[in-house]
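Input: a single structure, listed below in structure tokens.
The figures here come from the full heavy-atom set of this structure, side chains too, leaving out hydrogens, waters and symmetry mates. For reference, positions follow the sequence shown, starting with 1. Atoms within each ligand, like the ligands themselves, are counted from 1 in listed order.
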Amino acid sequence: MSDDDIALTAAEQGQGIVRCDACPVLCRIRPGRAGACDRYANEDGKLVRVDPLVLLAKPDLARVAFIEGSSSWAGELGKGQGAIVPPPTITGIGATTTYPDYKPAPFIVSSKHDGVDMVTVVTEGIFSYCGAKVKIDTDRYLGPEQAAVRVKGEAIGHVTTAEYGSQMLSLGGVHHLTGGSKKEGVVTCDALLALCNKEAVELAIDGGSTVVVQADRPPIVNGTREERMRVGCGSAAIGMFAPQWKDHVDEVIVVDDHITGVLSEHQGGRFLDMKPAGIRVRGRKSTPGRYFQVAEPGLGWGGTDVSNPLEIIEKIDPKQAWPGLRLLMVSTTGEHSAWFELDQELKPQPADMPAPVRLVVERIAENCEPALCTVLFMAGAGGSLRAGVTENPVRLTRSVRDTLTKVTLGGVPAYVWPGGGITLMVDVAKMPEKSFGYVPTPALVAPIEFTLRADDYAALGGYASRTVTLEDVLRGNKVRVDK
Ligand code: SF4
């Protein structure tokens with residue numbers, strides 16, 4: 001794109017049109033209108049950032065101020081009428097962006113901590129390389145690993161390897177944002193934006209379920225809200241509760257899609273000298289009392305497709321079982337449970353569960369944690385963003401790796417991956433409301449702050465001469481202070 005393409009014509013200038021250069025879209029914005037991302041607007045012929053700059057007050061603050069516009073700000077921090085004590089922390093939310101063209105970051109703010117001169121470099125990063133890692137606390141079957149996750153029919157990510165008690169999704173990333181059709185990129189960007197701003201998004205998984213995901217809220221799988229995250233796998237549940245069952249049962253089978261536990265065979269039962277009960281479950285035996293693949297994955301007992309637990313019993317050995325044998329079958333959350341006694345033909349017959357056994361089933365449920373969705377924003381803080389911090393970008397990367405520079409997003413410390421680059425993750429639930437924006441390239445816009453000692457900043461080639469105080473920032477900008 002030539003300078004002529006970028007420059008406004010005389011006629012456009014005459015109409016009061018302004019050019020936004022905060023992202024490669026380079027919107028021409030008419031008076032009173034906003035740009036394509038709704039983050040910038042033309043206010044009386046001036047380009048302005050629509051949202052206020054967000055400061056974070058310390059959580060223990062007794063008073064939190066809300067300041068709209070510079071005139072209402074007394075310019076005092078930590079002293080006098082209307083002051084905020086202690087001074088708040090600046091975030092990148094509403095800070096504006098000064099790249100991909102080369103320019104220093106919009107705010108390079110000095111402060112003093114424990115007598116040490118510090119600098120916080122603040123910007124809104126535009127992340128073409130970004131996505132969300134989503135942890136969904138449920139054993140219900142969401143879909144096969146590697147299956148596409150869709151919104152409005154567009155693939156925005158995939159199911160990745162399950163974790164302990166949780167299903168995992170990997171969403172977004174540069175291939176979905178830029179490597180597919182325009183619609184795929186737009187839908188992916190929209191879904192990421194909503195998820196990162198803590199809104200609910202319904203996801204459909206190929207060959208599996210639909211799940212409504214919202215950060216820090218329970219997942220809703222095929223219309224049913226998940227309540228509990230399992231206490232452990234079937235084998236772990238046996239290990240935890242075996243002593244409490246021992247005197248009240250002859251056998252317990254904990255139904256689990258991954259590892260079904262059988263008490264009398266399990267190490268936990270043997271340790272308690274339990275007699276073999278002769279009830280053999282389906283699937284592949286891993287070690288005594290631990291069985292894999294007793295059923296297909298699904299939305300039933302313990303993340304299997306089983307609605308009648310007796311389906312997983314392969315045979316009952318007449319040489320070991322006996323009439324009257326007491327059998328508890330239970331899922332890993334305690335959500336499903338049933339009590340059986342063997343009749344004269346050694347067939348399990350439903351019966352009323354004794355109170356002491358019911359108590360332990362309830363204890364399984366009590367030991368489950370509430371099921372939640374966790375959304376981690378993951379992104380790479382790349383070349384031009386770093387160039388806004390220092391003239392020598394690799395030094396910022398090294399400084400982050402050497403933990404001389406702390407990286408936060410919206411004031412929340414980020415986990416920075418080892419290895420090359422500044423590849424980071426942050427829990428969006430901890431970030432202030434509406435921390436994220438987007439640009440139609442498509443890419444997400446996220447706040448990012450780099451905080452380090454002032455002398456370290458100078459040493460890495462930072463724009464030390466552009467350092468301002470927080471008071472300077474407050475005087476010239478609309479500000480919101482969040483708890
Ligand atoms: S999309 Fe937004 S940031 Fe990009 S040029 Fe337009 S108004 Fe500016």
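Taking a cut-off of under 4.0 Å to the non-hydrogen atoms of Y40, the atoms of ligand 1 that pass are 3 (S), 7 (S), 8 (Fe). Ligand 1 places these atoms under 4.0 Å from at least one heavy atom of L26: 5 (S). Distances below 4.0 Å separate heavy atoms of R39 from the following atoms of ligand 1: 3 (S). Those atoms of ligand 1 with a heavy atom of C37 less than 4.0 angstrom away are 1 (S), 2 (Fe), 3 (S), 7 (S).
Of the heavy atoms in P440, only side-chain atoms (C-beta onward) come closer than 4.0 Å to ligand 1. At a heavy-atom distance under 4.0 Å, no atom of T97 approaches ligand 1.
Within the cation-pi definition used here (under 6.0 Å to the ring centroid, within 45° of the axis), R49 qualifies as a partner of Y40.
Scanning the protein heavy atoms around atom 8 (Fe) of ligand 1, the nearest turns out to be C20 SG, 2.2 Å. Protein heavy atom closest to atom 6 (Fe) of ligand 1, with residue, atom name and distance, is C27 SG, 2.3 Å. Of the protein's non-hydrogen atoms, the one nearest atom 7 (S) of ligand 1 is G35 CA, 3.6 Å.
Shortest non-hydrogen contact noted between V159 and P144 is CB-O, 3.4 Å.
Within the 4.5 Å cutoff, no side-chain heavy atoms of H336 are placed close to those of V330. You'll find the side chain of L8 reaches within 4.5 Å of the side chain of R28, heavy atoms only.
Counting non-hydrogen atoms of neighbouring residues, nucleotides and ligands closer than 6.0 angstrom, the CD atom of E43 reaches no more than 12 such neighbours.
Donor-acceptor pairing under 3.5 Å is recorded for the side chains of T397 and R386.
Within the coordination shell of atom 4 (Fe) of ligand 1, defined by N, O or S atoms under 2.8 Å, C23 is present.
Checked against a 6.0 Å centroid threshold, the rings of Y457 and Y463 do not count as neighbours.
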